[in-house]
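Take a look at the structure below.
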Amino acid sequence: MDRGNGPDDDFTAAVTVVLEALRPGEVMAYEEVAAEAGYPGAARAVGNLLRRTPGLPWWRVVTSTGRLVPGGEAEQAARLRAEGVVIRSGRVVR
DNA sequence: TATCTGACGATAG
DNA sequence: CCTATCGCCAGAT
C-alpha cells in the first residue's frame, strides 16, 4: 500500500527473493545478488541491506573474491561449514 | 536538494 | 598478501 515515505521496498524485496532462493550450501557474491535482483552494480547497497535487515541469510553471501564478511567471518565460516561449504583460509572454496 | 555512510568491486602500489 | 584509492549504488539525515 502506501510506501511513499519509506525506502525502496522494491530493492529490498528483490534482494530478499534472491536470498530466499538460495539453498543450504549455495553461496553467492554481493555483486551476483545485486545483478540477480535487477540492480547490477549495487553490491554495496546489498551489503548494507543484509546488515540492516534481520531474517536474511547473510552468511550465504560473500565478496567477489570469496572473502567472508568482516566482523563475523568466524561465525559465517561456522554456518557455511555446517551446510557443507568448504572454507579455505577464511575464503569460500568453489 | 545536498551530503555522508557502508557485510562491495576493481585497480594500483 | 597487504593497504590505499576510486567508482558504483541505495539509504539515512
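We name chains A, B, ... by the order of the sequence lines, and we start the count at 1 in each one.
- Applying the salt bridge (charged side-chain N to carboxylate O under 4.0 Å, His left out) test to every pair with at least one member in residues 47-62 of chain A, sequence neighbours left out, gives these pairs: A:Arg60-A:Glu83.
- Sorted by residue number, the list of members of residues 85-94 of chain A with any non-hydrogen atom under 4.0 Å from DNA chain B is empty.
- Listed by first residue number, the stems of DNA chain B with at least three Watson-Crick or G-U pairs below 3.5 Å are B:2-6 with C:9-13, B:8-13 with C:2-7.
- For A:Tyr39 and C:dC8, the OH to P distance is 19 Å, given to the nearest whole Å.
- Residues satisfying the side-chain hydrogen bond (donor to acceptor under 3.5 Å, both in side chains) test with A:Thr65, not counting sequence neighbours, are A:Thr63.
- Partners of A:Thr12 by side-chain hydrogen bond (donor to acceptor under 3.5 Å, both in side chains), not counting sequence neighbours: none found.
- Using a distance-only test at 3.5 Å, with no hydrogens or angles considered, a donor-acceptor pair links the side chain of A:Glu31 to the main chain of A:Gly41.
- Counting only residues at least two apart or on different chains, the ring pair (Phe, Tyr, Trp, His ring centres under 6.0 Å) pairs with a member in residues 26-73 of chain A are A:Phe11-A:Tyr39.
- Applying the ring pair (Phe, Tyr, Trp, His ring centres under 6.0 Å) test to pairs two or more places apart or on separate chains, none has a residue in residues 75-94 of chain A.
- For residues 62-87 of chain A, no pair satisfies ring pair (Phe, Tyr, Trp, His ring centres under 6.0 Å), with sequence neighbours left out.
- Summary of the strand contacts: A:Arg67 and A:Pro40 both lie near DNA chain C, and taking for each the nucleotide with the nearest heavy atom, the more 5' one is attributed to A:Arg67.
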How does protein reach along nucleotides 6-13 of chain B, written 5' to 3' as B (base within reach of a heavy atom under 4.0 Å), S (only sugar-phosphate), or - (no contact)? BBBSS---
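- Listed by chain and number, the residues in a side-chain contact (heavy atoms from CB on, under 4.5 Å) with A:Ala29 are A:Glu32 (sequence neighbours excluded).
- Residue pairs satisfying the ring pair (Phe, Tyr, Trp, His ring centres under 6.0 Å) criterion with at least one member in residues 63-93 of chain A, sequence neighbours excluded, are absent.
- For A:Thr53, the side-chain contact (heavy atoms from CB on, under 4.5 Å) partners are A:Leu49, A:Leu56, not counting sequence neighbours.
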